[in-house]
Structures are given as C-alpha cells and as structure tokens.
Student: 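What follows is a single structure, and I will ask about it in a moment.
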Amino acid sequence: MASLGLAQRIRIGLDGNSGVEFPMMGRLNFGKTRVGFRVMASEGQSVEPDLSVTVNGLKMPNPFVIGSGPPGTNYTVMKRAFDEGWGGVIAKTVSLEADKVKNVTPRYAKLRADANGSAKGQIIGWQNIELISDRPLETMLKEFKQLKEEYPDRILIASIMEEYNKAAWEELIYRCEETGIDAFEINFSCPHGMPERRMGAAVGQDCDLLEEVCGWINAVATVPVWAKMTPNITDITKPARVALNQGCEGVSAINTIMSVMGINLDTLRPEPCVEGYSTPGGYSSKAVHPIALAKVMNIARMMKSEFGDKDYSLSAIGGVETGGDAAEFILLGADTVQVCTGVMMHGYGLVKTLCSELKDFMRKHNFSSIEDFRGTSLEYFTTHTDLVRRQQEAIRQRKAVKKGLQSDKDWTGDGFVQETESMVSN
C-alpha cells in the first residue's frame with residue numbers, strides 16, 4: 001500500500017494487535033526450476049497433499065475461492081460456502097448507492113455443445129447481464145460483520161466498485177474495513193452496466209484512470225487489495241502492471257468476456273430476452289477457460305520479469321469446474337483459483353470435488369504442497385521464432401544420431417549391435 005507496509009496492514013487488518021505478525025511468503029517466486037521436483041515419502045508411506053495456501057498473509061485451507069457474483073450475494077449463501085469448505089469467499093460487488101442498481105430477469109443465457117442448442121447438450125458457455133449487488137450497503141456490511149464474527153479464521157473479501165469520485169471510494173473502503181473483512185477485490189472489470197458512471201471495465205480499460213483510482217484506494221486501505229482485470233482489452237498486462245505499481249498486492253483475472261450469446265431463430269430476438277430485447281453481457285464457463293489461461297499466463301510472465309520475488313499474488317478465474325482446471329492455473333503461477341459460474345451450475349459442494357481431484361493430481365506427481373508446482377509450466381512458453389529454432393535443432397540432432405559412426409575407429413565391442421543399427425536406413 002502507499003501508506004502502510006504490508007506487515008503493518010496484516011497486523012491491523014486481522015487482529016488489531018500491533019505486536020503480532022503473520023509470516024509472509026514470497027509470491028510468484030520463480031527463481032528456481034520446479035520441473036522434476038518430487039517429494040519422496042519413506043518406503044511404505046504416502047504423503048497426503050497439503051492444499052493450504054498463504055496469500056498476502058491470508059491463510060486459507062485450500063486455494064479455492066468463491067468468485068464475486070451470485071454465489072456471494074448474501075449472508076446465507078456465503079455461510080454455506082464456508083460450511084462446505086471453500087478456502088475463501090469474495091462477496092458480490094457492493095457500492096455506496098445500491099438503489100441505483102436495477103437488475104432484470106431473465107438475466108442468464110446458456111450455450112450448449114450440441115447442435116441447435118439442444119436442451120440435453122452439455123453447457124459450455126454462460127452469459128449474464130447481471131449488475132452488482134442491488135441490496136442496501138448497510139445490509140451487506142451487517143452481514144460481512146456477522147460472517148467474520150462466526151468465521152473469524154476464514155477469509156472474507158469485499159468486492160467494491162464506485163464512480164470516479166475519490167471521496168466515494170474512501171468512504172466505501174472505510175465502511176467495509178469496519179466490518180473486519182480480510183481484503184478487497186476492486187472491480188475494474190465488469191463488462192456491462194454503468195459505463196457512463198465510469199465504473200467497472202470503463203476504469204480497467206483506461207490505464208490513466210486506473211492509475212489514479214488505484215492511488216486513491218491504496219492511500220487509505222489497510223488490508224490487501226487485489227485488482228480484478230478485464231479481458232476486454234488488447235494487452236491485459238498493461239492494467240495489471242499499473243495496479244501493482246500503484247500499491248495493489250495482487251491481481252485477479254479474468255472477469256467475463258463481452259458477448260452476445262445468440263439469436264433465437266424462431267422469435268428472431270436476442271438472448272437472454274427481456275421483454276423482447278437484450279443487451280451484450282459477460283461470457284463465462286468452460287468455453288472461456290483457454291482464453292483465461294492465456295491471459296493469466298501473460299500476467300504471470302510480466303509479474304515474474306518485472307516484479308520478481310516481491311509479495312504480489314495472482315488469483316485466476318475462468319471456466320473452472322474440475323481439479324484439473326485449477327491445476328492448470330496454478331501451474332501457470334496462480335496462488336488461488338476462483339469459481340463463480342461453476343458454483344451456479346453445480347452447487348457449493350463442488351469444492352469437495354475440486355479438492356479431491358487436485359489432490360489426485362498432486363499424488364500423481366508426488367507434490368506435497370501447492371508451492372511444489374506453482375508456476376512450473378510457465379517457463380515452457382516462448383515465441384514462434386524460438387519454436388522454429390528449437391525444432392530445427394532437434395531435427396539436426398536426430399539426423400546426426402541416425403548417421404551413426406563417423407569413423408571405423410569409433411566402433412566398440414560393448415555397443416556394437418546398437419552402433420550397427422544406428423546406420424541402418426529402414
């Protein structure tokens with residue numbers, strides 16, 4: 001933060017005792033190569049994988065976090081998430097004036113894999129035209145406080161969004177912190193709704209505006225701040241860099257992708273259809289996963305090269321429905337993995353499946369902790385030019401091997417059969 005060191009912020013934000021510090025872990029520490037790293041158990045013993053993570057001083061039992069949206073819309077559902085075992089919860093985005101928010105119904109539309117959108121087809125895409133929370137801020141704050149009283153050791157993160165108004169941002173931060181929330185996620189990325197008020201993606205797509213607003217936020221916030229990135233931009237590393245340079249402890253990526261889900265070929269009206277009309281909305285679910293992987297990879301590479309071993313974090317979002325989906329994000333350098341649409345389709349119990357499948361992946365590779373493999377795959381991304389060079393070199397080496405011996409003096413007794421085979425052409 002601009003005003004306080006991170007250790008100070010963790011002390012104040014968690015227990016108010018200036019004499020107590022939580023141990024900090026370096027984020028995105030890619031200084032060593034993890035490929036091939038194995039934790040070998042003693043013979044006859046197996047090591048149970050440990051899913052716990054510590055991110056910006058926040059301790060979670062697993063890396064799975066409820067993403068901001070309907071699954072974190074009120075006390076009842078957030079309590080359910082904690083009871084089911086989610087590592088953390090990011091509440092639905094709040095602002096000072098909820099009365100300005102008017103949601104419509106229906107506000108979701110599905111894309112199915114089968115031709116013609118068969119109702120029996122697998123859901124691969126999900127669109128929403130939902131706005132931020134339409135519940136009074138006082139109600140949400142009361143529920144934040146109640147949750148922290150009942151679950152003091154669980155991580156509750158407030159997602160906030162405001163207009164281009166310094167005083168409004170400051171007031172919202174102060175009021176949220178009074179409830180005991182553990183961190184903020186700043187919604188710089190909602191792709192629809194209220195752009196005329198310079199909210200959401202209207203800020204995340206304008207780096208000058210983003211820089212100014214991040215400065216306001218980090219001058220007053222005393223708990224960790226994550227900036228949520230929009231994918232609806234040419235180079236997602238630019239706003240991520242700005243947010244980190246302006247004091248944010250981490251970035252989250254990606255929010256939904258601006259989309260039109262489709263046109264009903266019977267009625268000729270767009271979906272989701274509200275009184276015969278629609279509006280572009282945010283696209284999520286399984287089909288966005290490859291896009292999210294690319295965006296997260298780009299942010300992680302930028303963080304590695306420009307911010308090194310500093311205490312920054314990366315929270316990955318996009319089409320997570322299995323433990324394997326989560327493992328891919330972690331292999332690219334993510335500290336935590338958020339799930340929103342997946343919960344809307346499969347329920348809060350999904351976290352048990354995610355944890356089980358992630359542990360299976362870790363057992364397969366003998367990883368004992370998340371840190372054992374976080375960022376392992378990042379180094380295997382390169383340029384197309386380098387791929388051409390690597391392939392040409394590999395072909396040259398294979399041809400050299402096939403040529404066999406270069407001179408009669410190279411024959412050996414032990415390797416005679418293999419040496420003979422190396423010079424056979426068919």
Side-chain angles (χ1 to χ4, degrees), residues 26-39 207 229-242 244-245 251 253-254 257 286-310 312-314 316-319 324-335 337 361-362 364-367 370-412 415 417-426:
R27 312 312 321 143
L28 284 165
N29 181 3
F30 296 100
K32 61 181 180 180
T33 300
R34 297 189 182 89
V35 177
F37 178 83
R38 299 290 184 269
V39 179
C207 285
M229 299 288 101
T230 174
N232 303 299
I233 190 169
T234 303
D235 183 357
I236 199 171
T237 66
K238 290 182 178 180
R241 180 183 297 108
V242 168
L244 295 174
N245 279 328
V251 294
I254 58 174
I257 301 169
K286 191 184 298 290
V288 310
H289 187 64
I291 299 169
L293 286 172
K295 299 292 186 181
V296 168
M297 180 271 293
N298 285 328
I299 293 173
R301 293 182 74 187
M302 180 275 292
M303 292 175 73
K304 173 187 174 182
S305 64
E306 298 181 26
F307 294 88
D309 296 339
K310 296 179 181 178
Y312 294 114
S313 64
L314 177 55
I317 316 161
D325 295 333
E328 290 179 301
F329 277 132
I330 297 169
L331 285 164
L332 291 180
D335 297 274
V337 179
F361 162 80
M362 294 170 69
K364 176 181 178 181
H365 295 279
N366 291 323
F367 294 134
I370 298 296
E371 280 300 306
D372 285 349
F373 67 98
R374 193 174 63 80
T376 291
S377 300
L378 195 61
E379 66 179 283
Y380 296 107
F381 287 91
T382 185
T383 63
H384 189 84
T385 299
D386 187 55
L387 291 180
V388 172
R389 181 193 65 78
R390 288 173 180 275
Q391 188 158 75
Q392 290 176 339
E393 176 62 19
I395 292 172
R396 187 193 66 77
Q397 291 180 3
R398 286 195 291 269
K399 286 181 177 179
V401 171
K402 197 65 177 177
K403 286 180 180 178
L405 304 180
Q406 301 298 309
S407 170
D408 282 353
K409 67 180 177 61
D410 296 329
W411 289 94
T412 66
V417 174
Q418 290 79 10
E419 292 158 1
T420 301
E421 185 63 27
S422 73
M423 293 182 283
V424 175
S425 66
N426 64 346

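Keep in mind that the numbers below use all heavy atoms, side chains included, and drop hydrogens, waters and symmetry copies.
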Student: Is the shortest heavy-atom distance from the side chain of Lys295 to the side chain of Met229 under 4.5 Å?
Tutor: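 No, their side chains stay 4.5 Å or more apart.
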Student: Please name the pair of heavy atoms, one in His289 and one in Asp325, separated by the smallest distance, quoted to 0.1 Å.
Tutor: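 What the structure gives for the nearest pair is CE1-O, 3.6 Å.
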Student: Does the pair Met362 and Ile370 meet the rule for a side-chain contact (heavy atoms from CB on, under 4.5 Å), with working shown?
Tutor: CA-CA 8 Å; Met362 294 170 69; Ile370 298 296; 4.2 Å; yes
Student: Minimum heavy-atom separation for Thr376 and Asp372, please, with both atom names.
Tutor: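 Looking at all heavy atoms of both residues, the shortest contact is OG1-O, 4.1 Å.
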Student: Report the relative orientation of the aromatic rings in Phe367 and Phe361; use parallel for angles under 30°, tilted for 30 to 60°, perpendicular for over 60°.
Tutor: tilted
Student: Got a second to check how far Asp386's CG is from Arg389's CZ, nearest 0.5 Å?
Tutor: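 It is 4.5 Å, given to the nearest 0.5 Å.
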Student: If every non-hydrogen atom of Gly319 is compared with every non-hydrogen atom of Val288, which pair is closest and at what distance?
Tutor: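 Closest pair (atom of Gly319, atom of Val288, distance): N-CG2, 3.9 Å.
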Student: Measuring only between side-chain heavy atoms, which start at C-beta, is Leu387 closer than 4.5 Å to Thr382?
Tutor: yes
Student: In a check of side chain to side chain contact (heavy atoms under 4.5 Å, CB included) between Val251 and each of Val296, Ile236, Thr237, Ile299, which one passes?
Tutor: Ile299
Student: Any chance you could lay out the side-chain contact (heavy atoms from CB on, under 4.5 Å) test for Ile291 and Ile257, step after step, and finish with the verdict?
Tutor: CA-CA 9 Å; Ile291 299 169; Ile257 301 169; 3.8 Å; yes
Student: Check Glu419 against Asp410 and note the closest heavy-atom contact, atom names and distance.
Tutor: OE2-O, 4.0 Å
Student: Are the side chain of Asn245 and the backbone N or O of Arg241 linked by a donor-acceptor pair below 3.5 Å?
Tutor: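 Yes.
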Student: List the atom of Ala334, the atom of Ala316, and the distance in Å for their closest heavy-atom pair.
Tutor: CB-CB, 3.7 Å
Student: Mind checking whether Met297 and Leu378 have side chains closer than 4.5 Å, heavy atoms only?
Tutor: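 A side-chain contact exists here, since the closest heavy-atom pair is under 4.5 Å.
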Student: Measuring only between side-chain heavy atoms, which start at C-beta, is Glu328 closer than 4.5 Å to Leu293?
Tutor: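 Yes, their side chains come closer than 4.5 Å.
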Student: Which residue is it: Arg390, Gln397, Gln391? I am looking for the one with a side chain to side chain donor-acceptor pair (under 3.5 Å) to Glu393.
Tutor: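 Exactly one pass, corresponding to Gln397.
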Student: Nearest 0.5 Å please: distance from the CZ atom of Phe373 over to the NE2 atom of His365.
Tutor: 9.0 Å
Student: Side chains of Ile317 and Phe329, heavy atoms from C-beta outward: is any pair under 4.5 Å?
Tutor: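 A side-chain contact is absent here, since even the closest heavy-atom pair is not under 4.5 Å.
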Student: Counting N and O atoms only, with roles assigned by atom type, does the side chain of Asp335 sit under 3.5 Å from a partner on the main chain of Ser313, one being a donor and the other an acceptor?
Tutor: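 No; judged by distance alone, with no hydrogens or angles, the pair does not exist.
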Student: To the closest 0.5 Å, what do you measure between CD (Glu379) and CZ (Arg301)?
Tutor: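 Output value for this atom pair is 11.0 Å.
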Student: Of all the heavy-atom pairs spanning Val337 and Ile330, show the shortest one and how long it is.
Tutor: CG2-CG1, 4.1 Å
